[in-house]
Protein chains: 2
Amino acid sequence: MPSKPLPPLAVPAASRVTIADVADKAGVSKATVSRFLNRRDELLTPEIAQRVETAIAALGYSPSPMAQALKRGRSRLIGLVVADVTNPFSVAVLRGAEKACQEAGYLLMLFNLGDDGQRERDAIEALASYQVEGLILNTLGHDEGAAAAVARQGRPVVLVDRRHANMQADFVSLDNAGAVRLAGEHLLQSGWDELLFVSEPIAGVSSRQERAAAFRAFLADQPEVHGASFESAAEDLGGLETQLLQLRARGRRPALLASNAVITLRVADAVARLGWRFGTDLGFVGIDETEWAPLVGPGLSTIAQPTDALGRLATACLLERLQGRDLPPRQILLPGTLVVRPSSVAARTLG
Amino acid sequence: MPSKPLPPLAVPAASRVTIADVADKAGVSKATVSRFLNRRDELLTPEIAQRVETAIAALGYSPSPMAQALKRGRSRLIGLVVADVTNPFSVAVLRGAEKACQEAGYLLMLFNLGDDGQRERDAIEALASYQVEGLILNTLGHDEGAAAAVARQGRPVVLVDRRHANMQADFVSLDNAGAVRLAGEHLLQSGWDELLFVSEPIAGVSSRQERAAAFRAFLADQPEVHGASFESAAEDLGGLETQLLQLRARGRRPALLASNAVITLRVADAVARLGWRFGTDLGFVGIDETEWAPLVGPGLSTIAQPTDALGRLATACLLERLQGRDLPPRQILLPGTLVVRPSSVAARTLG
DNA sequence: TTGTATGCGTTATCAA
DNA sequence: TTGATAACGCATACAA
């Protein structure tokens with residue numbers, strides 16, 4: 001047991017040191033202190049500046065962002081609305097965004113929808129009430145009120161990964177078309193000749209739509225290749241198994257393209273239940289790189305998203321707008337990177 | 001192309017509707033509106049209350065939390081400092097905490113250390129400057145200034161998963177001793193007889209210390225069982241392989257207990273490189289349940305942490321303190337759940 | 001170049 | 001029971 005007494009659980013809230021305290025200590029007015037803080041370049045007698053500076057240091061003063069926000073309407077806060085924090089992609093983006101915010105002296109306010117798309121509007125309004133200067137949205141955009149809520153706030157917004165209908169905003173995302181093409185071409189080059197694209201139920205989610213459309217376009221360019229698409233619902237695991245059996249019945253060298261990590265998990269589960277092996281019985285590439293991809297079966301090939309860059313760019317976009325730049329809405333599409341592992345390459349070897 | 005004009009990217013900040021507007025519209029004073037909002041139970045003429053209520057509804061008024069915070073020092077904000085948002089455990093806790101906060105009408109302010117333990121103090125101070133009412137810390141506690149910073153703020157703190165020396169606070173965590181015992185007993189009962197406990201470098205992290213100590217205690221209770229511990233550093237993957245080879249040389253039925261998901265990943269990688277199979281060449285249980293545990297090798301046995309409950313309880317503790325309750329620091333230890341998969345049970349079958 | 005006074009949106013203290 | 005009015009901590013127009 002340590003013998004020295006520990007501090008109490010909550011001391012009487014060591015009343016904040018304010019700008020007035022600094023002014024007193026320096027023997028100047030509050031206005032002078034404020035000027036020293038905000039417009040240091042301007043008009044300031046060196047001697048006074050010195051006095052203020054030492055007073056600030058002595059008192060350990062730092063201005064209250066809340067009071068500043070109240071006064072000038074800017075809060076150094078950025079709101080982040082995430083459809084589901086459990087989603088590794090969302091977390092990766094969050095991480096990138098958070099880093100960029102910190103570097104720029106902003107703090108992130110988080111609102112997690114917990115996959116309840118109807119609360120989007122609540123989220124935006126809650127965040128807005130704290131005067132967030134801008135919003136990063138990684139959500140479905142299914143809440144009717146959301147777009148209106150954003151517009152009402154009149155604050156810049158960046159959409160990540162998912163577009164919203166009716167919302168005029170910057171958009172940062174993986175180049176979905178390119179990613180699907182990259183995966184498809186790699187599978188064909190590796191000797192697989194019958195493709196199945198599996199997605200979560202599209203349900204109006206733009207990234208899912210884009211990936212599915214990209215797959216169709218890819219097939220259209222390769223008339224000699226057979227291909228099909230399937231939307232796998234979480235409740236219907238049997239459906240996926242049926243699709244896999246049909247796929248293998250159709251082609252000698254069937255391969256699967258998973259549209260994201262959730263589907264990859266589901267497919268890996270089905271493949272295990274069927275007793276198949278990736279890379280021999282079934283070729284595989286999945287969008288989304290994960291730490292476990294190398295460890296499932298013989299190792300799963302993936303398309304890695306530049307998640308960190310996505311988060312950073314989303315923040316950068318927002319900060320640019322906050323600087324006052326009035327540009328037309330931008331789209332930033334970043335390429336995915338193919339990570340080749342045995343799940344996609346064994347076929348040729350065996351062929 | 002949609003033909004209807006979209007709203008501009010940023011409208012001139014539809015100046016907030018304030019309590020004064022409501023007062024005007026209702027033909028009462030601001031004070032009355034404020035009273036209606038805050039002490040509805042008290043003294044209020046029904047007719048006036050009605051007028052205020054309709055005015056609020058008509059204007060869509062909601063009070064500014066910033067102004068409220070400035071005035072009463074309470075912000076409805078809770079600060080969450082996380083050592084590393086990439087860590088699934090942290091995210092799971094975050095999720096639980098975020099849910100509980102929302103239910104209680106609080107918003108979460110996030111600060112991610114990005115595994116830079118030295119920034120803990122910055123984090124606490126940044127959060128405190130926004131008047132967060134309390135702090136949830138899932139950090140190393142290696143930053144000397146941190147405890148002092150917290151004490152200075154005089155706000156309640158809850159520690160999750162990792163204790164801090166010198167910090168008087170509630171503590172919410174997995175029952176590490178119980179979890180390790182549960183895993184160890186399960187391995188022995190399944191017929192494995194030579195155990196290796198693998199942890200990340202202890203480095204003063206309390207949860208790692210506790211798990212390692214629990215393993216030693218477990219061994220002490222079972223004199224007939226051989227066992228060893230190993231701290232696996234990220235830079236030294238070869239070291240882990242060496243340990244595995246030695247383990248298998250020592251015992252006929254060797255099993256490994258991984259202290260968390262990071263180690264599980266590392267072990268799975270090493271096992272793959274060695275060409276071993278979980279459940280036959282090596283028994284395995286890892287602390288931390290993950291979505292991919294069923295898919296690695298034959299399926300990995302785990303001890304699932306009640307992450308959601310941890311997050312919720314951490315928040316609940318904080319909220320209780322905020323209610324003004326002045327209790328001695330509490331410890332809440334939640335049991336882990338054994339999830340049995342083939343990695344730990346095949347031995348007996350084969351025996 | 002510095003100080004005074006006002007207001008940001010609330011709540012709280014006092015009178016009325 | 002309600003209404004002025006003064007803070008909360010800060011930034012700024014204006015006066016000095």
Side-chain angles (χ1 to χ4, degrees), chain A residues 13-53 55-56 59-77 125 128-133 153, chain B residues 13-53 55-56 59-77 125 128-133 153:
Chain A
S15 59
R16 208 189 162 73
V17 22
T18 78
I19 199 170
D21 301 326
V22 177
D24 281 359
K25 178 140 194 138
V28 299
S29 76
K30 295 194 294 176
T32 302
V33 179
S34 178
R35 269 190 291 260
F36 174 82
L37 258 21
N38 300 308
R39 298 120 69 116
R40 197 169 312 212
D41 48 328
E42 271 180 39
L43 5 139
L44 264 203
T45 306
E47 194 261 340
I48 294 256
Q50 187 53 250
R51 290 224 307 272
V52 173
E53 185 156 20
I56 288 179
L59 265 40
Y61 167 78
S62 78
S64 153
M66 304 291 265
Q68 290 182 321
L70 193 61
K71 184 63 193 161
R72 41 186 185 196
R74 302 191 294 108
S75 60
R76 310 236 61 146
L77 244 31
E125 282 175 345
S129 76
Y130 280 96
Q131 309 272 46
V132 294
E133 298 185 30
Q153 308 309 144
Chain B
S15 59
R16 207 189 163 73
V17 24
T18 78
I19 200 171
D21 301 325
V22 177
D24 282 358
K25 177 140 194 136
V28 299
S29 75
K30 296 192 297 174
T32 303
V33 180
S34 178
R35 267 190 293 260
F36 173 82
L37 258 21
N38 299 308
R39 298 120 69 123
R40 199 169 310 216
D41 49 327
E42 271 180 37
L43 4 138
L44 263 205
T45 307
E47 194 260 340
I48 293 257
Q50 186 54 251
R51 290 222 309 270
V52 173
E53 184 155 22
I56 288 179
L59 267 38
Y61 166 77
S62 79
S64 153
M66 304 289 266
Q68 289 181 322
L70 190 62
K71 185 59 193 167
R72 45 185 184 197
R74 302 190 293 109
S75 60
R76 310 236 61 151
L77 245 30
E125 284 176 344
S129 77
Y130 280 95
Q131 310 269 49
V132 294
E133 296 185 31
Q153 307 309 144

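Below, read A as the first sequence line, B as the second, and so on, with proteins coming before strands; counting in each chain starts at 1. Excluded from the calculations below are hydrogen atoms, water molecules and symmetry mates; all remaining heavy atoms, backbone and side chain alike, are included.
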Enquirer: What is the separation between atom CG on B:D24 and atom C1' on C:dG9, rounded to the nearest whole Å?
Expert: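 Nearest whole value for this atom pair: 14 Å.
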Enquirer: Is a side-chain N or O of A:D24 found less than 3.5 angstrom from the main chain of A:D21, in a donor-acceptor match?
Expert: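 No, because the side chain of A:D24 does not come within donor-acceptor range (under 3.5 Å) of the backbone of A:D21.
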Enquirer: Using the C1' atoms of the five pairs at each end, what is the angle between the end axes of the helix from C:dT1-D:dA16 to C:dA16-D:dT1, to 10°?
Expert: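 Both end axes considered, the difference amounts to 50°.
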Enquirer: Which value, rounded to the nearest 0.5 Å, describes the distance between A:T32 atom OG1 and A:I19 atom CD1?
Expert: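 A:T32 OG1 to A:I19 CD1: 9.5 Å, rounded to 0.5 Å.
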Enquirer: Is B:R39 near enough to C:dA12 that one of its side-chain N or O atoms lies under 4.0 angstrom from OP1 or OP2?
Expert: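 Indeed, a polar side-chain atom of B:R39 lies that close.
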Enquirer: Whole-Å distance between C:dG7 C1' and B:L70 CG?
Expert: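 In whole Å, C:dG7 C1' and B:L70 CG are 12 Å from each other.
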Enquirer: For A:L59 and D:dG9, what is the distance between atoms CG and P respectively, to the nearest whole Å?
Expert: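 After rounding, the reported distance stands at 13 Å.
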Enquirer: With a 4.5 Å limit on heavy-atom distance, are the side chains of B:F36 and B:V28 in contact?
Expert: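 The answer is no; the side chains never approach within 4.5 Å.
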Enquirer: Taking OH from A:Y130 and P from C:dT10, how many angstroms apart are they, rounded to a whole number?
Expert: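 About 13 Å, once rounded to whole Å.
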Enquirer: Given the rule in the side-chain contact (heavy atoms from CB on, under 4.5 Å) test, do B:N38 and B:R72 qualify, once you have shown the distances and angles that lead to the verdict?
Expert: CA-CA 12 Å; B:N38 299 308; B:R72 45 185 184 197; 3.7 Å; yes
Enquirer: Among the nucleotides D:dC10, C:dA12, D:dT2, which one has an atom lying closest to any side-chain atom of B:R35?
Expert: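 When the side chain of B:R35 is considered, D:dT2 is the closest of D:dC10, C:dA12, D:dT2.
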Enquirer: Keeping B:T45 on the side-chain end and B:I48 on the backbone end, is there a donor-acceptor pair under 3.5 Å?
Expert: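 Judged by distance alone, no pair lies under 3.5 Å.
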Enquirer: For B:T45 and for A:T18, find the nucleotide of DNA chain D with the closest heavy atom, then tell me which residue's nucleotide is more 5'.
Expert: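 The residue mapped nearer the 5' terminus is B:T45.
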Enquirer: Would a 4.5 Å heavy-atom cut-off, applied to side chains only, mark A:R76 and A:P65 as touching?
Expert: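 No, their side chains stay 4.5 Å or more apart.
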Enquirer: Reckon A:I48 touches a base, only the sugar-phosphate, or nothing at all at heavy-atom distances under 4.0 Å?
Expert: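 Result for A:I48 = sugar-phosphate.
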Enquirer: Does B:Q68 make a side-chain N or O approach to OP1 or OP2 of C:dG9 shorter than 4.0 Å?
Expert: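 No, no such contact exists.
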Enquirer: For D:dG9 and A:S64 - does any side-chain N or O of the residue sit under 4.0 Å from the phosphate oxygens OP1/OP2?
Expert: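 For D:dG9, OP1/OP2 do not have a side-chain N/O of A:S64 under 4.0 Å.
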Enquirer: Nearest-Å distance, CG (B:N38) to C1' (D:dT1)?
Expert: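 Going from CG in B:N38 over to C1' in D:dT1 covers 17 Å.
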Enquirer: Whole angstroms only, please: what is the CD-C1' distance between A:Q131 and D:dG9?
Expert: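 After rounding, the reported distance stands at 15 Å.
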Enquirer: Indicate, with a heavy-atom threshold strictly under 4.0 Å, whether A:S34 touches base, sugar-phosphate, or nothing.
Expert: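 Answer is base: heavy atoms of A:S34 come under 4.0 Å of a base.
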Enquirer: For the backbone of B:S75 and the side chain of B:E133, can you confirm whether one donor and one acceptor N or O come within less than 3.5 Å of each other?
Expert: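 Confirmed, B:E133 side chain pairs with B:S75 backbone.
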Enquirer: Rounded to whole angstroms, how far apart are NZ on A:K71 and P on D:dC10?
Expert: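 Whole-Å distance recorded here is 13 Å.
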Enquirer: A:T32 side chain N/O closer than 4.0 Å to the phosphate oxygens (OP1, OP2) of C:dG3?
Expert: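 Affirmative; the distance criterion is met.
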Enquirer: Return the nearest nucleotide to the side chain of A:L44; candidates are C:dT4, D:dC8, C:dT2.
Expert: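 Output: C:dT2.
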Enquirer: Between D:dG9, D:dG3, C:dT11, which nucleotide has the shortest distance from any of its atoms to the side chain of B:R72?
Expert: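 My answer, after comparing the listed nucleotides, is C:dT11.
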Enquirer: With heavy-atom distances below 4.5 Å as the criterion, would you say the side chains of A:V52 and A:L44 are in contact?
Expert: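 Not in contact.
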Enquirer: To the nearest angstrom, how far is B:K30 atom NZ from D:dA7 atom C1'?
Expert: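 After rounding, the reported distance stands at 11 Å.
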Enquirer: Go nucleotide by nucleotide along DNA chain D from the 5' end; which of B:V28 and A:V33 gets its closest nucleotide reached first?
Expert: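 First, find each residue's nearest nucleotide; the 5'-ward one identifies B:V28.
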Enquirer: Respond yes when some side-chain nitrogen or oxygen of B:Y61 is under 4.0 Å from OP1 or OP2 of C:dT10, and no when none is.
Expert: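 For B:Y61, the contact criterion (side-chain N or O under 4.0 Å from OP1 or OP2 of C:dT10) is met.
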Enquirer: Give one of base, sugar-phosphate or nothing for B:S62, where a contact means two heavy atoms less than 4.0 Å apart.
Expert: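 Sugar-phosphate only.
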